[in-house]
Structure formats: structure tokens, C-alpha cells
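What follows is one structure encoded as C-alpha cells, with my remarks underneath.
What you see below is based on every heavy atom in this structure, not just the backbone, and it leaves out hydrogens, waters and symmetry mates.
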Number of protein chains: 2
Amino acid sequence: MSARDRAERIEEILRDRICLLDYPPGLRLSETELAEEFGISRTPLRRVLARLEGAHLLHSVHGVGTFVTDLADEELDQIYRLRIELAQLAGRLDPVAPSADLLAHFRQLAQRAAALVPDPDTPRPFAQLIMDFIQAQSRLSANQPLMEITQHLYFQTARIWVHSLFTSALDLSEELAVFAQEVADVVSALEAGDLDAAASIHRTHISLSYRRMLARRDSAQA
Amino acid sequence: MSARDRAERIEEILRDRICLLDYPPGLRLSETELAEEFGISRTPLRRVLARLEGAHLLHSVHGVGTFVTDLADEELDQIYRLRIELAQLAGRLDPVAPSADLLAHFRQLAQRAAALVPDPDTPRPFAQLIMDFIQAQSRLSANQPLMEITQHLYFQTARIWVHSLFTSALDLSEELAVFAQEVADVVSALEAGDLDAAASIHRTHISLSYRRMLARRDSAQA
DNA sequence: TCGGACGATGTTGTGCACATCATAAGCAAA
DNA sequence: TTTGCTTATGATGTGCACAACATCGTCCGA
């Protein structure tokens, strides 16, 4: 395996751990421990960490540590407003009709969502399902820069959203049901061959889930 | 100066050199030479290069070298189609009325554009003007993620656009005149307080300059 | 009792020597 | 002449020792 491939693999592993909340926001990581775990020295590991820092998923402080990024309310708001617009764009810009395999994969995601039982202590299955859904959606447009940006913004916000959902522990089953409904609606639109409708559904759900998060935030402050 | 500040400064210098075509697409850089120039060792320099690689401005190949990224026609097309949509978004998402200082800066940019004399051998003044214009525009929306993405896409494409313009050496003065007109139009819209109009003007000019580049590409292939 | 200096500890940042790899020049054999 | 192997060269990648830095506990003195 080439050095480049190994670095990409480690970067993907760490990104997954951050996005799936194995590494919650604010956690301090140890370069030495990570280097030992992957069987490499700190030098190539630090290259990976530098890239994740460029993606706003980590930030290092000299003499203190390397921390998983958290998002302030205002930053989260701005990204959500942007994601709402980008979701709509995905249906207009270089749409690609899903293959039979991809459609089957979407149906499987809908089944997973319907079968998922909420557990306030293990956010990972829910986060994993959301990540898989996003990755599947990224195959609905051939515009790679747009999909890359969309995923990038998802990496930043989805984990914060899930984290706030599981820490407040309110409406967990309701949010899960809403998400399952979204996946089912998107599958219906895809089966009808209407990619723009699928994008609109996605946009609507981002907007609504954002509003519900705002409501949770307000009730928490009150 | 802290280590972080120094790294950011070097990254900005290298990014400017790439975007202003001091480092044209395809150029091979030497880690050793750059490290000597900035008076540091290869280790911290490589951290900077890794971040620029994450921004798709560089790519390294083991045993060969570090190269300034070039864009294939298809990649350029996809980014342009995306930029056209994002330019329109900037007027809708968290618009910020320009301060008196910013407005004066825009007028100064218009004067610089009107006064610029085309020289097929020195693309840098034109590229610098474009970069300054983009940086000024990034202050017209308070949505930082959107502005960061817009600038990021500009870093990737504007230099390719200028490079193709100066290598073909056709219509150079015409393109410069069109750009000067765009800046003047944007200033007029800003003076009227119509940010959405300014965004539309920008969008239109991106679209038109893209079409002219496509025409140059077709004539070059013929 | 309180405050501040100080050092022990653990972290990230840096410099350097070497490993690994790709390329091109050189050279010998067919 | 051409082909293929060998080798020299220079590039990026890695490991390690140490420097720079922040934090916290400790201890001494007012």
C-alpha cells in the first residue's frame, strides 16, 4: 500500500470517528496515542491531522492539545442556511438518474431507518444511517465540487445536530420517525424519476429539522 | 510571532503566488528551496503544503515532486456552473450593506480596472485586480461559510481562466474592458443599495466570461 | 491564610538524518 | 543502432530526538 493510500485511509477513519461521535465535540486527542494505534510515527499522522484541521474538524493548540471542533450557535445557523440552499441546487445542477443498484440502496436505507430503535445512549447507529444517506445522495448529481462541498458541510453540522439531539434526549423517537419519513419520501420521488422533487424534499427536511433544533435551543436557554 | 501565525502567513504567500500565476499550473515546486526561502525546515513547510493540497491547489507525488494543480476542461466546467449559482446566492443569504470605506474601496477597484493597460507578458496585475475584487465582494455577505466556499472556488478557477486568456493572447483588451465594466456595474448597484442586483450582475458576468472561454476553447481545438 | 514563584509533566512544533521512490543518464550486449 | 539493465541523482515520506509552550501542583514567604 502506498503512503498516500494509507494516509487517506487513516484520514477517513478519523473523520468517521468524528462524524459518528466516537470523538464528541471538544474531545482532546493525543497524537502519540493515535500514531501508536495506526503503527506509524507522529510525522505522517500530523500530516493527516493538518488536513482535518483544514476541513474545520480539528484544531490544534501548541502545548495544549488537538481538539475536536465544536460549533457556536451562530456558525451552525449560517451553515444551515447555506445547506438549505445547496440542497435545492443539487436537483438542478447536473442531476443524474439513479441506477437500479443505487435505488435499491436507497430502499435499504429506508428500511434501516424504519427498523431503527432509538437508544439515548448510542447515537452511533443514527449518525451512521444519516452519513450513509448523505453519501447515497451525493451520487444523484455529477457536479463533484457541489457534492464535495455538500458533504463537507454535512461533516461539520450533522454530528453537532445529532449530539445536541442526544444530549437533550428530547423527542428522540420523534426525530427518528421524521428522518425515516424523509428517506421514504425521497425514495418515492426517485422511483417517480423526479430528482428535483427529491431535492426539494431534502431541502424541506433540512429546514424543518433546523427549526426543531432552534426550538430545542430556545427551550434549553429558558 | 507564534508558529500558527507564521504557518498561516506562508500559506497565504504561497496561495497568492499560485493564484497570481507566479506559479503557473503544472509547475514543480521544491520543498527544500521553499523551506530555505522562508528560513524554516521542511517539516513545518510540509504542513503548509498539506493544507494547500487539501484545497486542491497542489498535489505531491512520492519521489517526483510537488506540482501546482491544473484543471481539466470538465472539472472547470463543473466549478463554473456551480459558481454561477453561488454568485446569485450571495445576494440572498445574509446580505450586508457595504460601509462607506468598502464602497470607496470598490470605486478604487473600478478606477484600477479602467486604468489597467493590457500586457500579454504580465498577467499578474490583472490577476491581482480580480483577486482584490473577489476579496471585496466577500464582505457583502455575513455568511462566512458561503464566502469561504466562493473564495475557495475562485482560487481554483480564476487563475486557470487568466492563464488560458494570456496563453491564447486573444481578446485580452476586450476581456479587460468587460471586467472593468462589471466592476463599474457592481459599484452602481451598490451605490443604489441593491445588493441582489449586484449579485445578479456578478452572476451574469461569470456566465458570460465562461461562455467566452468556451468559445476560445472551441476555436483552439479547431 | 493567601499569593505568587517555580518546576514537573505532558502537549504540540521543529530540525535532521535516513528510507523509499521515480526518473534519466550511462553502458553493455544483442 | 537499439534494447534493456544498472546506477546515480534528486524528489517526497518517515522516524526520532529535542525545543517551545501551557497547565497544574507544590512549596515558600508575606
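Residue B:E85 places its CD atom among more than 12 non-hydrogen atoms of other residues, nucleotides or ligands, all under 6.0 Å distant. Summarising the local packing, CD of A:Q135 is surrounded by 12 or fewer heavy atoms from other residues, nucleotides or ligands at distances under 6.0 Å.
The residue among A:H62 and A:P44 whose nearest nucleotide of DNA chain D lies closer to the 5′ end is A:P44. Mapped onto DNA chain C by nearest heavy atom, B:V61 and A:R42 fall at different nucleotides, with A:R42 at the one closer to the 5' end. Residue whose closest nucleotide on DNA chain D sits further toward the 5' end, between A:G39 and B:M1: A:G39.
A straight line from CG of B:L45 to P of C:dC16 spans 14 Å, rounded to a whole angstrom. The nearest whole Å value for the distance from the CZ atom in A:R28 to the C1' atom in D:dC21 is 14 Å. Atom pair B:I10:CD1 and C:dG13:C1' shows a separation of 13 Å (rounding to whole Å applied). Atoms CG (A:D5) and P (D:dT14) sit 12 Å apart, rounded to a whole Å. Rounding to whole angstrom units, CZ of residue A:F67 and C1' of C:dT12 are separated by 11 Å. Atom pair A:F38:CZ and D:dT14:C1' shows a separation of 17 Å (rounding to whole Å applied). To the nearest angstrom, P of D:dA11 lies 11 Å from CG of B:L34.
Counting distance only, with no hydrogens placed and no angle test, the side-chain atoms of A:T43 and the base atoms of D:dC16 include a donor-acceptor pair under 3.5 Å.
With hydrogens and angles disregarded, no donor-acceptor distance shorter than 3.5 Å links the side chain of B:S138 to the backbone of B:M147.
OP1 or OP2 of D:dG13 has at least one side-chain nitrogen or oxygen of B:R46 nearer than 4.0 Å. Contact annotation: B:S60 side-chain N/O to D:dT12 OP1/OP2 distance is not under 4.0 Å. Within the structure, a side-chain polar atom (N or O) of B:R6 is placed less than 4.0 Å from OP1 or OP2 of C:dT14. Taking 4.0 angstrom as the limit, A:T66 places none of its side-chain polar atoms (N or O) nearer than this to OP1 or OP2 of C:dT11. The shortest distance between the side-chain N/O atoms of A:R47 and the OP1/OP2 oxygens of D:dG13 is below 4.0 Å.
Rounded to the nearest 0.5 Å, atoms OH (B:Y210) and CZ (B:R217) are 6.0 Å apart. To the nearest 0.5 Å, the span separating OG on A:S209 from OH on A:Y80 amounts to 4.5 Å.
Residue B:L29 is in sugar-phosphate contact alone, with no base atom involved, counting any heavy-atom pair closer than 4.0 Å across all strands shown. Looking at heavy-atom distances under 4.0 Å, A:L49 makes no contact with the nucleic acid at all.
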